[in-house]
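Excluded from the calculations below are hydrogen atoms, water molecules and symmetry mates; all remaining heavy atoms, backbone and side chain alike, are included. Naming: A, B, ... by sequence-line order, numbering from 1 per chain.
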Protein chains: 2
Amino acid sequence: MAARLDEIARQAGVSKATVSRVLNERPGVSPRARSAVLTAMDVLGYERPNGLRPRSSGLVGLITAELQNPVFPFFAQVIETGLARHGYTAVLCTQTPEGAGEDEYVGMLLDRGVSGILFVSGLHADTTIDHSRYRGLRRQRLPIVFVNGDIPGLGVPCVSCDDVTAGRIAARHLVELGHRRIGFLSGPLRYSTVQRRLAGFRASLRELGLGHDTDDLVELSPFDVEGGQSAASLLVQRGATALVCGSDLMALGAVRAVRRHGLRVPEDVSVVGADDSPLMSFTDPPLTTVRQPVQAMGVAAVRALLDEIKGRPARAAEYLFQPELVVRASTRARWASHDRNAPPEPVL
Amino acid sequence: MAARLDEIARQAGVSKATVSRVLNERPGVSPRARSAVLTAMDVLGYERPNGLRPRSSGLVGLITAELQNPVFPFFAQVIETGLARHGYTAVLCTQTPEGAGEDEYVGMLLDRGVSGILFVSGLHADTTIDHSRYRGLRRQRLPIVFVNGDIPGLGVPCVSCDDVTAGRIAARHLVELGHRRIGFLSGPLRYSTVQRRLAGFRASLRELGLGHDTDDLVELSPFDVEGGQSAASLLVQRGATALVCGSDLMALGAVRAVRRHGLRVPEDVSVVGADDSPLMSFTDPPLTTVRQPVQAMGVAAVRALLDEIKGRPARAAEYLFQPELVVRASTRARWASHDRNAPPEPVL
DNA sequence: AATATTGCCGCAATTTCCTGCAACGCATTC
DNA sequence: GAATGCGTTGCAGGAAATTGCGGCAATATT
C-alpha cells in the first residue's frame, strides 16, 4: 500500500510535492494540476481537507439561541435576506434545551462545507463557557462572525448592540420621569450582554446620585416571560416603582407581575423592555423599550461575514451599534413628594 | 473475549494506544486512523462515547414560509424539539420574498443527503403552483411531510389544522355574540388554507341564515399586519361590526384599522384572529383567536416523518387537527335593535 | 529568432507528527 | 494487600508531509 500523498500523486499524474502544495493552498500550482489533484482525491475516496471542499453554492450557517424571543426570528429574517441578496443561502440552526447543541450544529455545518457561520447570541455570549472551540474554527480559516457577544483576542469580528449605553438609556429615562427606586431584572449574569447592561444601568444611577437606592433592586432569572414575572414580583414587593427588563419578553412578564399585585402599568409602576422586538407596539400597554437596531446590525453582520469569506478580513473589532429609546406607554412620570423639581406629566 | 480496547484495536488494525487517543480526543491521531477506529467501533457494536456520534445521518430539512408571523417560529421550535428527541437535527430554511426559493433549498438539502423534509406552509399550500416537484421528490423515495396544505393524490402525509372548522368556529362565535355584518379578511385565495377557511365561514353563515349579508364583506390582501389593516379598513367602511382574520398578525392590523376609524375594539368592532400565536394574550386587547394546536401538530408531523424514514409509511391521509376558540377580549356581544333574542353581555 | 523572464513542477533533504511498544496508574477482585 | 485486567502516556523509530532549489517549458521582449 502506497503512502497517501504518493498514491494521490500517481493517480493525478503529478509528484507528491504538487499534491502537498495543493492541500496547503500554497502558490505555484497551475489550475490544471490543482483540479487533477482534487479529482484524484475524489476518485480515491479521500476526504478533502476543509477549505477545499466545494463550498456548496454559498451556504452559510446561522446559529441562534432560541426562537421564543421574537427578536431572534427577526434577526434571522434580516440576516437571511441580506445573505440572499449576495447569493448565499442561510441554514438556520436553533438551539433548544433538549435539542442539538451548538457544537453539533457546527460539526454538521462543517461537514456540509458551509462558507461561514454567524453566531447570534449563542454560547459565545456566555462568559462561563470555554471558548477554545472558536479558536479551533478560526484555525481552520472558517469565516465566522459573532452577533451580540464579543470574545476579545480571537480575532473574530463581532457586531453588537451597545449594552452599556442601553442600560444607561433605560436608567436615565426613568430617572428623568422622577423614579427613584428602579429595579433591574434580566437573565443570568453569565451572559456578557447582561453584565454590560447592568454595568451601564448602575453607572448611570451612580452618576445621578441614586446608586445606593437600587443596590438591592437587581433580580436575575431565566430569559423568558415567566422569569420576568417572578423577578418583577420580587422587585415590586421591595418597593420598586420602575423596572428595567433584560428583554421584551421579560418585560411582558413584568407587566403581568405588576398587575397580579393589583397595580397598574404605567400609573403605578413603569416598565422598560429591551430590543424592541416585533409586535411590541401591539402589547397592552404598548411597551417602552430600548431598541436594538436589528436591521442595521444584521446587515453589518452579513457584510462582515462576506468580507471574511472574500478573504479581506476587516480588523476584528467589535462594532457597537447604538440603541435607541422607543417611548410608548409603559412608562410614566412619578411625582415624588420630596422632589421639588418633579418632571412634568409626559405627553401621551 | 478480548478486552475492549484490544478488540477495537485489532478490528481497526491499529494499536490500542491509538484507540485510546481517539476515544479521549487527544491530538496526534491521523484522520485515517481516527475513522478506522470509529468504524471498528460501529462494526463491533460499541456505543460512541461523546460528541463523536455520526451527525450526518439524521438531518432533516424544515422548510417554512417566513418568520414574521410568530406561529412559524413556534412550529419550528416544536418540530425541532421533537426531531431532536429522536436524534435528528433540523435545518431550518425560511423563504423570503427576495431570498432563496423553496426549490433551491430542496436542492441544497438533497445535496446534503437529508433524511427527509418537512414543509410547513410552503409552496405546497399554494394551489396555483405546479406540484410536480413533489412528485419528483416522491419518486426519489425521499420522506416528506406537509404541514397545513394537503396535495391529494401524491401520497404524501399531511398534518393540517381543520381550516373549514376554524372558519365555522369564528363565524359561529361572532353570530352568537349578536353580530350580523361579519367581515372576512385573509391572505391570497391561492392558498388552500384561505379557501377552506372562507368556505367554512360562508357555510356557517349560510346555515345561520346570514349568507347574503356578508357576500360583499370579504377582503383578501397580503398575510401581514399592513395587509390586515388595509383590508379591515375597507370592511369597516362597509359597516362590518366584526372581523374574522386569516392570521393573528392580520388581526393586529385590523385592530389598528378599527382604531384609525375612531372606533373601539371590542366595543364597536369585534376581531377574531387565527392560530393563537405566542404573545397574543399580551396584546391590546388580548386577542380572541382560533387556536391551531401547534404542539400536537408538530409532534404528529415529526412522527409521520419518522415513520416515513423508518420505511413504514402510514397511509397518506390528511390528519386534521381540530382548532379551538380562545376567547379573550377582542370580541364582545353586539346588541342589535331588531334582534329580540340578543345574547347576554359576555363575561369578561 | 534568440534570449530573458516568469511560473510550474519534481527531486530530495528536512521536518513534522503519527504510531506502537512498553511502562505506568488505577480500580476491581480474591 | 497482592494480583490482575484495563486504560493511559512517555518515548523513540520511522513514515509521511513540507519545502528549498534546480530544471524545464511557455511566453514576452528585443
**Asked** Can you check the A:Arg26 CZ to D:dT18 C1' distance for me, whole Å?
**Response** 8 Å
**Asked** Which is true for A:Val14 with a 4.0 Å heavy-atom rule: it touches a base, it touches only sugar-phosphate, or it touches nothing?
**Response** sugar-phosphate
**Request:** Take the protein atom CG of A:Asp6 and the nucleotide atom C1' of D:dG14, then report the distance between them rounded to whole Å.
**Result:** 16 Å
**Message:** What is the distance, to the nearest angstrom, from the CZ atom on B:Arg10 to the P atom on C:dG20?
**Reply:** 14 Å
**Asked** Under 4.0 Å between a side-chain N or O of A:Thr18 and OP1 or OP2 of C:dC8?
**Response** no
**Prompt:** Parallel under 30°, tilted from 30 to 60°, perpendicular over 60°: which one fits the rings of A:Phe146 and A:Tyr134?
**Reply:** perpendicular
**Prompt:** Toward the 5' end of DNA chain C, which comes first, B:Val29 or A:Pro31, by nearest nucleotide?
**Reply:** A:Pro31
**Separation of atom CG in B:Leu23 from atom C1' in D:dC6, rounded to whole Å** = 13 Å
**Request:** For nucleotides 21-29 of chain C, just jot down a letter per nucleotide in 5' to 3' order: B, S or -, based on protein non-hydrogen atoms under 4.0 Å.
**Result:** B--------
**Message:** It should be established whether B:Ser30 places a side-chain nitrogen or oxygen under 4.0 Å from OP1 or OP2 of nucleotide C:dT19.
**Reply:** yes
**Prompt:** Is there a side-chain contact between B:Leu306 and B:Tyr88, using heavy atoms and a 4.5 Å cut-off?
**Reply:** yes
**Prompt:** Is there a side chain to side chain contact (heavy atoms under 4.5 Å, CB included) between A:Leu320 and A:Asp163 once you walk through the steps?
**Reply:** CA-CA 9 Å; A:Leu320 280 186; A:Asp163 285 311; over 6 Å; no
**Message:** Can you see if the side chain of A:Asn24 gets near the phosphate of D:dT18 - specifically, an N or O under 4.0 Å from OP1 or OP2?
**Reply:** yes
**Prompt:** Taking the side chain from A:Asp224 and the backbone from A:Gly227, do they hold a donor-acceptor pair closer than 3.5 Å?
**Reply:** yes
**Request:** Could you check if a side-chain atom of A:Gln77 sits within less than 4.5 angstrom of a side-chain atom of A:Val294, using non-hydrogen atoms only?
**Result:** no
**Asked** C:dG7 P sits how many Å from A:Arg32 CZ, rounded?
**Response** 17 Å
**Asked** Do NZ/NE/NH1/NH2 and the carboxylate oxygens of A:Glu318 and A:Arg196 come within less than 4.0 Å?
**Response** yes
